[in-house]
Amino acid sequence: MNFYFEAAKVIDRLDAKHGSIKSLLSTLPDKDHKRSAALVIETLKYKSALTEVIKAANLMKEEKKLTSMNLALVLVHDLLLSNGIQAGDGPVKQAVLRHKTRLRSELQRVKIKRGAKSNSELAQADDERAAQIPRYVRINALKWSVDEAIPTFQAKGYALGNPLDAMKFARDSHIENLLLFPPQAQFTESPDYAAGRLILQDKASCFPAVALAPPALPESVVIDATAAPGNKTSHLSALMGNQGKILAFERDRKRYGTLKAMLARAGCSNVEALNADFLTTNVHDNKFAGVTHILLDPSCSGSGIVNRLDYLVESEAEKDDARTERLAKLAAFQLQMIRHAMKYPAVERIVYSTCSINPEENERVVHAALQSAEATGGGFELAPRAAVLPAWPRRGQPGILDSTAATESVVRCSPGEDATNGFFVSCFVRKHRNTRPSAARAELAAEVGTGRNSAPTAQPTAGSSKRKTDAERVVDGNSVPLTSGGKRKKRK
């Protein structure tokens, strides 16, 4: 019965907007994890119909043992749409079973009302935009190369071409080492995934590390302020060629464990994972004296996420007052993160990103950060467009930042138009310095002391002089990369 309670708790937290489906599923206990996760997802698919059934049957009114609507939902789901309630007899299970006949009768009424010929037709439809987002796979440059990966996938039956077509794949035209596959492609059971050679990461999620452009030098010190599950951290490590040091913060104990496991699988030997809250750090501690680059990807509304799972909750209406309050709280936290990062005495470059499309969390937070005492006193400004993914066409929302140049300096991704999830990236740079990095910078980096001489060479980042052109990316004349609008490029 416990896994029903755990599943109900996840749905409770989703209702309270405490995270995305993916992030909350990761908090489920290891025991029965797959079973509980599947129950959450399937219940959400049928939530609207099941809620109508439960209310029509007066289940919650007549059974005082059922104090949670979400607990009733997961139990009724298994009773009506699965193989029955998988738990020993107990008062909660019996409370539902007493109404089995009535519940089944109400389910039939709902099907007739909605014109559904089968139970499956009651499920919530997928977000249509998800079908236009390829399955992105980043080749982990610490363990593999694209030149090695391509023939491996070809041997498995894939051919270079438009990744929205079955069994086709392509190289990305903006992010080095990123491949695009059909949306339905699955890699979690692949030996290359298990070995850490493949990282499943949306294209837009690759932008922050590329925009930060951490130096691939032995003395480099970088912070990832909210690191779990580790995709962006491992990307930073790959860009640095395992040189220097990355301090990866994660305050949640369970997510910290996930982070460590992911970094170990990816072979990131230059990362020190810290089970700590970035906001509680003493910026003047000598441990951070050499920090010059900081990546901030704090909690956000997740309003840009459209593929895979979150369409199951994003469609539910939220009252304007509740939405305004929730976004205000998130924006306050996000601004606090930026201001704290600006206090690090040697920091030169700060990337702030979200998977939100709301200006309240994006341009407005950036505008407030630029007006803060930390920005004005520390000499921070937005990096110019030429230094932040210059080839990406979609930039900031007009009319919020102080100038056209500032608007052009930030990056947006639009779901349904850019073949990615919704995303936002900005980059703050210090235009003048009042302090110089101390010798502790080199000393801190030296503490890594693992594999420096044998570290892989850092791969060129997007926008670098060594970056391949679209023409060079065409392998055997067959690669057909997507444009930012998700359309097929014409062959010449």
Taking 4.0 angstrom as the limit, do Glu360 and Arg323 come out as a salt bridge?
-> yes
Output yes when Arg412 and Glu363 qualify as a salt bridge under the 4.0 Å nitrogen-oxygen rule, no when they do not.
-> yes
Do Ser205 and Asn231 have side-chain atoms, one donor and one acceptor, less than 3.5 Å apart?
-> no
May I ask you to say whether Glu272 pairs ionically with Lys260, meaning some side-chain N is under 4.0 Å from a carboxylate O?
-> no
Any luck finding a side-chain donor-acceptor pair between Arg251 and Asn275 under 3.5 Å?
-> no
Taking C-beta and beyond as the side chain, do Ile199 and Met262 meet within less than 4.5 Å on heavy atoms?
-> yes
Gln201 versus Tyr136, side-chain donor and acceptor atoms under 3.5 Å | no
For Arg265 and Ser234, run side-chain hydrogen bond (donor to acceptor under 3.5 Å, both in side chains): C-alpha distance rounded to whole Å, both residues' side-chain angles, the deciding distance at 0.1 Å, then the answer.
-> CA-CA 10 Å; Arg265 186 171 69 247; Ser234 66; over 6 Å; no
Distance-only, no hydrogens or angles: does the Glu361 side chain make a donor-acceptor pair with backbone N or O of Ser301 under 3.5 Å?
-> yes
Any salt bridge between Arg394 and Asp418, counting N to O under 4.0 Å?
-> yes
Beyond-backbone contact of Val222 with Leu247, side-chain heavy atoms, under 4.5 angstrom | no
Would you mind reporting whether Val411 and Phe424 have side-chain heavy atoms less than 4.5 Å apart?
-> no
Check whether any side-chain heavy atom of Ser220 sits under 4.5 Å from a side-chain heavy atom of Met240, and report yes or no.
-> yes
Is there a donor-acceptor contact under 3.5 Å linking the side chains of Thr226 and Asp297?
-> no
Are Asn242 and Ser237 linked by a side-chain donor-acceptor pair shorter than 3.5 Å?
-> yes
Give a yes or no on whether a salt bridge exists between Glu348 and Arg430, defined as a side-chain N under 4.0 angstrom from a carboxylate O.
-> no
Is the side chain of Ser409 donor-acceptor paired with the backbone N or O of Arg385 at a distance under 3.5 Å, no angle test?
-> no
Does Trp144 reach the side chain of Thr152, with side-chain heavy atoms less than 4.5 Å apart?
-> yes
Step by step, would you call Phe428 with Phe380 a ring-ring contact (aromatic ring centres under 6.0 Å, His included)?
-> CA-CA 6 Å; Phe428 300 90; Phe380 286 97; 7.3 Å; no
Run the side chain to side chain contact (heavy atoms under 4.5 Å, CB included) check on Asp285 and Thr281 step by step: do they pass?
-> CA-CA 8 Å; Asp285 189 316; Thr281 57; over 6 Å; no
When you look at NZ of Lys329, are more than 12 heavy atoms from neighbouring residues, nucleotides or ligands closer to it than 6.0 Å?
-> no
Minimum side-chain heavy-atom gap Cys427-Leu382 below 4.5 Å = no
Can the ring centroids of Tyr193 and Phe187 be said to lie less than 6.0 angstrom from one another?
-> no
Does any N or O in the side chain of Arg197 come within less than 3.5 Å of the main-chain N or O of Ala194, such that one atom is a donor and the other an acceptor?
-> no
Enclosure of Lys156 NZ (heavy-atom neighbours >12, cutoff 6.0 Å) | yes
Taking the side chain as every heavy atom from C-beta outward, state whether Pro134 and Leu164 have any atom pair closer than 4.5 Å.
-> yes
Is there a side-chain contact between Phe423 and Cys355, using heavy atoms and a 4.5 Å cut-off?
-> yes
Exercise: do Thr420 and Asp202 side chains pair donor with acceptor under 3.5 Å | no
Which of Phe333, Phe288, Phe278 passes ring pair (Phe, Tyr, Trp, His ring centres under 6.0 Å) with His340? It is Phe278
For Glu189, does the CD atom have more than 12 heavy-atom neighbours from other residues, nucleotides or ligands under 6.0 Å away?
-> no
